[in-house]
Amino acid sequence: MISSARIRRRVAELGHLIQRQVGREELSVVAVLNGSLMFTADLVRHLSLPVHLECVRLSLYDGKSPSREGLRVASLPPLRLHGRTVLIVDDILDTGTTLARVVSLVAARRPRRILTCVLLQKNTARPAAARADFVGFRVPDRFVVGYGLDFLGKYRNLPHIAVLEEPRR
Ligand code: IMP
Ligand code: MG
């Protein structure tokens, strides 16, 4: 769906757009693992400002304990975000549940400003629970893998983004 060359060009553009928005402030980048690993690693190398890099990991609710949001945080480091400008980076915005959860976690640390960036945003009919200030690519409502995105833990290492086809019967 999206070649590695197109990803590379767009990530550089996003870096410039983010840099223009942030100016010369220090920036705390919060990467949502594992999906945004490659994206964040490439993106921060296009930012020539003082960057602090932090990671959070969210995983899908395992079905064994009650949870209304359907998501749990498996690890939240002691992020020092008070008064800072924070850029949250995720791989893909679909329903927005994940991003909304991370935004609220970050907001609880009382930063000065929160910006959000996703590599992909799915074109869906339903409204998303969160919005992204920076979007790499808008994609159709298909299941995609590669460049950090997985299916059951596989395909994250593909250098491009591909649609996962249903097996033919
Ligand atoms: P949301 O919480 O519905 O916005 O979904 C976002 C999360 O679901 C992402 O961080 C991904 O981990 C996962 N996800 C959603 N759509 C896809 C997809 O097409 N491929 C791989 N992962 C996806
Ligand atoms: Mg994810």
Side-chain angles (χ1 to χ4, degrees), residues 2 4-60 69 71-122 128-139 144-151 153-161:
I2 309 171
S4 60
R6 269 184 78 202
I7 295 172
R8 211 161 35 241
R9 281 197 300 273
R10 184 60 181 152
V11 171
E13 272 173 21
L14 285 173
H16 290 120
L17 292 171
I18 290 164
Q19 178 124 0
R20 207 188 302 160
Q21 180 85 223
V22 172
R24 295 175 153 274
E25 293 166 53
E26 289 193 9
L27 181 66
S28 290
V29 173
V30 175
V32 184
L33 296 183
N34 293 331
S36 76
L37 180 62
M38 285 70 175
F39 177 40
T40 306
D42 288 339
L43 183 65
V44 293
R45 283 178 281 181
H46 289 284
L47 300 175
S48 45
L49 35 92
V51 167
H52 294 244
L53 181 57
E54 308 280 2
C55 299
V56 294
R57 181 188 299 264
L58 271 78
S59 55
L60 272 174
E69 286 97 333
L71 281 168
R72 66 193 162 86
V73 185
S75 108
L76 180 64
L79 308 175
R80 262 177 274 136
L81 303 176
H82 185 87
R84 304 189 56 96
T85 298
V86 178
L87 178 73
I88 299 169
V89 182
D90 203 1
D91 52 1
I92 186 165
L93 196 156
D94 183 5
T95 66
T97 314
T98 308
L99 195 56
R101 169 61 83 90
V102 180
V103 166
S104 79
L105 285 171
V106 168
R109 307 287 163 102
R110 301 181 145 271
R112 192 169 75 73
R113 174 154 75 135
I114 299 175
L115 296 168
T116 50
C117 176
V118 292
L119 178 68
L120 307 176
Q121 175 158 7
K122 275 195 189 173
R131 57 174 294 279
D133 297 302
F134 302 95
V135 176
F137 302 93
R138 289 178 199 281
V139 294
V144 290
V145 294
Y147 195 65
L149 292 128
D150 73 305
F151 173 65
K154 288 200 299 193
Y155 309 115
R156 292 195 198 274
N157 58 315
L158 293 178
H160 54 273
I161 308 271

Exercise. Would you say the side chain of Asp150 lies within less than 4.5 Å of the side chain of Asn34, judging by non-hydrogen atoms?
Worked result: no
For this session: State, without any angle test, whether Asn157 and Tyr147 hold a side-chain donor-acceptor pair at a distance under 3.5 Å.
Result: no
Exercise. Taking Asp133 as the fixed residue, which of Leu17, Thr116, Val118, Ile18 is the one that meets the side chain to side chain contact (heavy atoms under 4.5 Å, CB included) rule?
Worked result: Thr116
Exercise. Between CG of Leu43 and OG of Ser36, what distance do you get to the nearest 0.5 Å?
Worked result: 9.5 Å
Exercise. Does the side chain of Leu115 come within less than 4.5 Å of Val86's, by heavy atoms?
Worked result: no
Exercise. Are there more than 12 heavy atoms of other residues, nucleotides or ligands under 6.0 Å from atom NE2 of His160?
Worked result: yes
Exercise. If you look at every heavy atom in Leu93 and Ala128, which pair is closest and at what distance?
Worked result: CD2-CB, 3.6 Å
Exercise. Do Pro111 and Val106 come within less than 4.5 Å of each other through their side chains, counting heavy atoms only?
Worked result: yes
Seminar exercise, completed: Taken to the nearest 0.5 Å, the spacing of Phe134 CZ from Arg10 CZ works out to 10.0 Å
Problem set entry | Test side-chain contact (heavy atoms from CB on, under 4.5 Å) applied to Val30 and Val89, step by step | CA-CA 6 Å; Val30 175; Val89 182; over 6 Å; no
Exercise. Are more than 12 heavy atoms from other residues, nucleotides or ligands located less than 6.0 Å from atom CZ of Arg113?
Worked result: yes
For this session: Can you measure from CG (Leu87) to CD (Gln21) and round to the nearest 0.5 angstrom?
Result: 10.0 Å
Seminar exercise, completed: In terms of heavy-atom contacts, Asp42 and His46 come closest through O-CD2, 3.3 Å
For this session: Could you tell me whether the side chain of Val22 reaches within less than 4.5 Å of the side chain of Leu47, counting heavy atoms only?
Result: no
Exercise. If every non-hydrogen atom of Arg24 is compared with every non-hydrogen atom of Pro50, which pair is closest and at what distance?
Worked result: O-CD, 4.5 Å
Problem set entry | Ile114 and Ile88, any side-chain heavy atoms less than 4.5 Å apart | yes
Problem set entry | Non-neighbouring partners of Arg112 that pass side chain to side chain contact (heavy atoms under 4.5 Å, CB included), sequence neighbours left out | Glu25, Thr85
Exercise. Say you draw a straight line from CZ of Phe137 to CG of Leu120; how long is it, rounded to the nearest 0.5 Å?
Worked result: 7.5 Å
Exercise. side-chain contact (heavy atoms from CB on, under 4.5 Å) between Leu33 and Thr40: does it pass, once the steps are laid out?
Worked result: CA-CA 10 Å; Leu33 296 183; Thr40 306; over 6 Å; no
For this session: Work out which heavy atom in Gly35 is nearest to a heavy atom in Asp91; give both atom names and the distance.
Result: CA-OD2, 3.3 Å
Exercise. Counting distance only, does the side-chain N/O of Arg110 pair as donor-acceptor with the main-chain N or O of Arg84 below 3.5 Å?
Worked result: no
For this session: Run the numbers on Leu158 and Val145 for side-chain contact (heavy atoms from CB on, under 4.5 Å), then give the verdict.
Result: CA-CA 8 Å; Leu158 293 178; Val145 294; 4.2 Å; yes
For this session: Show your working on side-chain hydrogen bond (donor to acceptor under 3.5 Å, both in side chains) between Gln19 and Ser48 and close with a plain yes or no.
Result: CA-CA 8 Å; Gln19 178 124 0; Ser48 45; 3.3 Å; yes
For this session: Write down the atom of Ala130, the atom of Gly96, and the distance for their closest heavy-atom approach.
Result: CB-O, 3.6 Å
Exercise. Tell me, do Val102 and Leu58 make a side-chain contact under 4.5 Å, heavy atoms counted?
Worked result: yes
Seminar exercise, completed: Taking every heavy atom of Ser28 against every heavy atom of Leu81, the minimum-distance pair comes out as CB-CD2, 3.8 Å
Problem set entry | Pairwise distance CZ(Phe39) to CG(Leu149) - rounded to 0.5 angstrom | 10.5 Å
For this session: List the steps, then state whether side-chain contact (heavy atoms from CB on, under 4.5 Å) holds for Asp90 with Thr98.
Result: CA-CA 9 Å; Asp90 203 1; Thr98 308; 3.6 Å; yes
Exercise. Hey, what do you get for NE2 (His52) to CD (Glu26), rounding to the nearest 0.5 Å?
Worked result: 4.5 Å
Exercise. With sequence neighbours left out, what residues match Phe151 under ring-ring contact (aromatic ring centres under 6.0 Å, His included)?
Worked result: Phe143
